[in-house]
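Each remark here refers to the structure printed beneath this line.
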Amino acid sequence: MRRLKAAIVIFFVSLSLYSAPSELYLGGNFFGGMDFLTQSTGKRFPTMIKGSSTSYVSSMTRFGLGVEMTYFPYSPLKLGISAGYHVLMPVGYCLTDSLSGVAGDDVAYINYSFLGRHDISLALSYFWMIGQEFGMYFDAGGTVSIHTIPDRNDKNSRLDVNYSSFTEIGTYADAGLLLFHGNSYYKIGARALLLFPESTPDISVAITFSGGFLFSFS
């Protein structure tokens, strides 16, 4: 009897969720940020190191593009799941000498071979609405970052380029302003990402701009 009652309750809960109004957000985003790297990670970028043998990349400026998706199973309560993918490429870096601890000047970086960081993220998302067209968003979740590393980055070289990669796993949080216009949405915010190749994390911070379309279901 108890099993029958439980089955009935589950059935009606599932039916109510199925018929509940839901929302799906699909869009793209732009990232502009900086990585602060540990020595072990910074030494993995040999094509970028132009200093002494004891130098490593201690910080890196990156720009990138991506796609995002957020789903709210019950739209009146905007609590749901967000997933995204983006790729970031370096545009500048700074070298630090591991013996003296002295950091050099920022150096512009030119990609003759592809060098990028691929981020795949999954998070819990919440939209706090202030009226119908304005609000704030909050995300917190996990990220898998895959770095693609070329073995050379030579100008006008016809030599074959071999690639290797390494993966970092971490956690991130972001927050910002949210604006609606019709069926489109726009977000501007900030993101902090901690990646753990070892006990000391790599830290990445970024300003983000996003936009896309809202699809409602009922």
Side-chain angles (χ1 to χ4, degrees), residues 1-33 62-89 116-147 167-196 201 203-218:
M1 189 65 178
R2 290 182 179 179
R3 291 183 179 180
L4 178 60
K5 291 181 179 179
I8 294 174
V9 170
I10 293 174
F11 172 77
F12 281 105
V13 169
S14 301
L15 183 63
S16 63
L17 290 176
Y18 179 79
S19 60
S22 59
E23 292 178 342
L24 178 66
Y25 294 73
L26 294 176
N29 43 38
F30 169 81
F31 288 77
R62 294 182 186 267
F63 290 151
L65 298 173
V67 293
E68 65 177 14
M69 177 185 69
T70 302
Y71 176 67
F72 297 120
Y74 181 61
S75 58
L77 174 61
K78 297 190 183 304
L79 178 66
I81 298 295
S82 178
Y85 164 79
H86 56 271
V87 57
L88 298 100
M89 299 179 65
R117 193 186 83 203
H118 306 262
D119 289 350
I120 303 170
S121 60
L122 182 66
L124 186 67
S125 296
Y126 175 66
F127 286 3
W128 178 44
M129 300 305 300
I130 307 172
Q132 296 294 321
E133 299 181 347
F134 184 73
M136 297 187 68
Y137 71 92
F138 305 90
D139 299 331
T143 296
V144 176
S145 294
I146 303 171
H147 297 262
T167 300
E168 297 178 290
I169 298 176
T171 182
Y172 83 95
D174 61 8
L177 301 177
L178 179 66
L179 178 67
F180 289 91
H181 180 70
N183 290 328
S184 60
Y185 72 93
Y186 308 91
K187 298 193 296 186
I188 177 172
R191 170 175 295 203
L193 169 65
L194 298 179
L195 295 169
F196 295 92
I203 301 173
S204 178
V205 293
I207 299 296
T208 64
F209 301 91
S210 306
F213 296 96
L214 160 66
F215 301 90
S216 298
F217 308 93
S218 59

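Please read all numbers here as calculations on a predicted model, not as lab measurements.
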Handout entry: Test item: Ser145 and Leu195 side chains (from C-beta on) under 4.5 Å apart, heavy atoms
Key = yes
Practice task
For residues Lys78 and Met129, determine if any side-chain heavy atom of one lies less than 4.5 Å from a side-chain heavy atom of the other.
Solution key: yes
Handout entry: Shortest non-hydrogen contact from Ser22 toward Pro73
Key = CB-O, 3.4 Å
Completion exercise
For Leu214, the side chain to side chain contact (heavy atoms under 4.5 Å, CB included) test, sequence neighbours excluded, returns Glu23, Tyr25, Phe180, Ser216
Exercise for the section: Output yes when a side-chain donor or acceptor of Asn183 lies under 3.5 Å from a complementary backbone atom of Phe213, and no otherwise. Expected result: no
Practice task
State, with a plain yes or no, whether a side-chain heavy atom of Met136 is found less than 4.5 Å away from one of Leu177.
Solution key: yes
Practice task
Would you mind reporting whether Leu179 and Tyr185 have side-chain heavy atoms less than 4.5 Å apart?
Solution key: no
Problem - Donor-acceptor contact present, side-chain Thr171 to main-chain Gly141, <3.5 Å - result: yes
Handout entry: Glu133 and His181: side chain donor to acceptor below 3.5 Å
Key = no
Exercise for the section: Drop me the distance from Asp174's CG to Ser82's OG, to the nearest 0.5 angstrom. Expected result: 8.0 Å
Exercise for the section: Give the minimum heavy-atom separation between Ala83 and Leu122, together with the two atoms involved. Expected result: CB-CD1, 4.1 Å
Practice task
Output the distance between atom NE2 (His147) and atom CG (Leu88), rounded to the nearest 0.5 Å.
Solution key: 10.0 Å
Problem - Quiz item: cation-pi between Arg191 and Tyr172, 6.0 Å / 45° - result: yes
Fill in the blank from the handout: Of all heavy-atom pairs linking Ala206 and Phe31, the shortest is CB-CD2, 4.2 Å
Handout entry: Trace of the side-chain contact (heavy atoms from CB on, under 4.5 Å) decision for Asp119 with Leu193
Key = CA-CA 11 Å; Asp119 289 350; Leu193 169 65; 4.1 Å; yes
Exercise for the section: Output, in order, the C-alpha distance, side-chain angles, deciding distance and verdict of side-chain contact (heavy atoms from CB on, under 4.5 Å) for Trp128 and Phe138. Expected result: CA-CA 8 Å; Trp128 178 44; Phe138 305 90; 4.2 Å; yes
Practice task
For the residue pair Thr208 and Phe30, establish whether any side-chain heavy-atom pair is separated by less than 4.5 Å.
Solution key: no
Handout entry: Member of Asp139, Leu26, Asn29 meeting the side chain to side chain contact (heavy atoms under 4.5 Å, CB included) criterion with Glu68
Key = Asn29
Exercise for the section: Measure the shortest side-chain to side-chain distance between His86 and Leu65 over non-hydrogen atoms and say whether it is less than 4.5 angstrom. Expected result: no
Practice task
Dump the intermediate steps for side-chain contact (heavy atoms from CB on, under 4.5 Å) on Val144 and Thr167, then the final yes or no.
Solution key: CA-CA 7 Å; Val144 176; Thr167 300; 3.7 Å; yes
Handout entry: Evaluation steps, side-chain hydrogen bond (donor to acceptor under 3.5 Å, both in side chains), between Tyr85 and His118
Key = CA-CA 7 Å; Tyr85 164 79; His118 306 262; 2.8 Å; yes
Handout entry: Verdict with reasoning, Leu24 to Met69, per side-chain contact (heavy atoms from CB on, under 4.5 Å)
Key = CA-CA 7 Å; Leu24 178 66; Met69 177 185 69; 3.6 Å; yes
Problem - Sub-4.5 Å side-chain heavy-atom contact between Ser75 and Pro21 - result: yes
Problem - Pairwise side-chain contact, Leu124 with Leu79, heavy-atom cut-off 4.5 Å (strictly under) - result: yes
Handout entry: Phe72-Phe127 aromatic ring centre distance below 6.0 Å
Key = yes
